[in-house]
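Notes follow once the structure below has been shown.
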Amino acid sequence: MGWPHTSKWLGTAALFALGCEKEPTQQKAGELGNGVFTYSCSRSSDAQCDDEHKVSASAFDALALGAYFQMGGPSGTASLNPASDLRVVYAGATAEWHTVATGHTAVMAIGYESEVIDMVHLHTVAPTQIVVAKKLISGDFSGEIGNVSFDVDLDDAIQLRAAPADADGNILAGALPCTWTSMDATVVEISGDETDNVVSLITKNTGQGKLLVELGELAAEVTVDVGVTP
């Protein structure tokens with residue numbers, strides 16, 4: 001039996017996610033009832049694997065267009081094969097899956113005797129906006145949409161988290177190319193990996209600073225008003 005694609009992705013996905021403190025995986029039962037498929041982040045900019053905030057009930061059902069991720073099949077899987085390479089493709093050089101078109105795609109787990117073990121559907125969605133959330137280092141993230149503004153104290157230790165979202169504000173899974181830029185480093189600087197979707201900020205002076213976050217083809221401007229609590 002011939003298949004349109006063969007990957008060498010065996011069993012449970014290996015872990016390549018940078019900056020995550022614990023194994024960032026999610027499981028979904030196969031549609032034939034013979035096992036589970038495992039989602040893993042392949043890059044640090046995948047909001048699905050932020051330690052404190054998962055993006056969706058099922059990453060398999062809400063993948064961002066253009067995103068990268070890793071996936072493992074049920075026990076006994078020799079390869080994972082999409083029914084079509086038109087929506088999701090496997091990049092063997094980096095052991096990643098890449099979404100290239102919107103819609104649903106069936107992925108089959110193929111055994112060592114070329115038998116179909118199980119299958120799962122992936123759903124790719126085009127992101128239309130960026131969700132940006134702020135947290136104190138000791139607190140929790142709270143989400144806002146689009147071009148956002150935050151008030152912080154000069155001595156606050158804060159982080160910002162960006163994630164792609166659909167038109168309804170549902171956060172999507174998968175790593176997209178991410179870049180943070182400080183447009184006024186005299187007020188606020190970015191600390192850490194500027195290609196991670198979560199960054200720490202260093203407030204340097206009171207005033208208004210602006211940040212630009214680019215996530216895939218999307219961009220959002222974040223205004224940070226730095227003041228002093230009386």
I need the [X] [atom1] to [Y] [atom2] distance, nearest 0.5 Å.
X      : Y      : atom1 : atom2 : result
Thr105 : His121 : OG1   : NE2   : 8.0 Å
Ile202 : Ile158 : CD1   : CD1   : 11.0 Å
Ser40  : Gln27  : OG    : CD    : 9.5 Å
Phe37  : Met119 : CZ    : CE    : 8.0 Å
Trp97  : Leu80  : CH2   : CG    : 5.5 Å
Ile190 : Thr179 : CD1   : OG1   : 9.5 Å

Exam field: side chain [X] to backbone [Y], donor-acceptor pair closer than 3.5 Å:
X      : Y      : answer
Ser45  : Leu176 : yes
Ser182 : Val188 : yes
Gln26  : Ala59  : yes
Asn197 : Ala163 : no
Asp166 : Pro127 : no
Asp46  : Cys41  : no
Arg87  : Thr99  : no
Thr124 : Thr102 : no
Glu115 : Glu113 : yes

Under the side chain to side chain contact (heavy atoms under 4.5 Å, CB included) rule, what do Asp61 and Lys28 come out as? Steps first, then yes or no, please. CA-CA 10 Å; Asp61 299 327; Lys28 185 174 183 179; 2.8 Å; yes
If you take all heavy atoms of [X] and [Y], which pair is closest and at what distance?
X      : Y      : value
Pro74  : Asp118 : CG-CB, 4.1 Å
Phe150 : Leu160 : CE1-CD2, 3.6 Å
Asp193 : Ser44  : OD2-OG, 4.0 Å
Ala47  : Arg161 : O-NH2, 3.5 Å
Met183 : Leu211 : SD-C, 4.1 Å
Pro164 : Ala64  : CG-CB, 4.2 Å

Should Tyr90 and Leu65 be counted in the same cluster of Ile, Leu, Val, Met, Phe, Trp and Tyr side chains packed under 4.5 Å apart?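 Tyr90 and Leu65: separate clusters.
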Is there a continuous path of hydrophobic side-chain contacts, each under 4.5 Å between heavy atoms, that joins Val89 to Tyr68?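 Per the 4.5 Å side-chain linkage, Val89 and Tyr68 are not co-clustered.
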Step by step, work out the side chain to side chain contact (heavy atoms under 4.5 Å, CB included) result for Leu201 and Ser191. CA-CA 6 Å; Leu201 300 185; Ser191 174; over 6 Å; no
Can you say whether the rings of Tyr39 and Phe60 are parallel (under 30°), tilted (30 to 60°) or perpendicular (over 60°)?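 Ring orientation, 0 to 90° scale: perpendicular.
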Minimum side-chain heavy-atom gap [X]-[Y] below 4.5 Å:
X      : Y      : answer
Val224 : Val152 : yes
Leu122 : Phe69  : yes
Val116 : Ile110 : yes

Salt-bridge criterion met for Asp196 and Arg43 (N-O under 4.0 Å):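 Salt bridge absent between Asp196 and Arg43.
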When you check the side-chain N and O atoms of Glu96 and Ser42, is any donor under 3.5 Å from an acceptor?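 Yes.
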Quick check on Gln208: does its CD atom have over 12 non-hydrogen neighbours (other residues, nucleotides or ligands) under 6.0 Å away?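 It does: Gln208 CD has more than 12 such atoms within range.
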Under the side chain to side chain contact (heavy atoms under 4.5 Å, CB included) rule, what do Ile117 and Leu32 come out as? Steps first, then yes or no, please. CA-CA 8 Å; Ile117 296 175; Leu32 303 182; over 6 Å; no
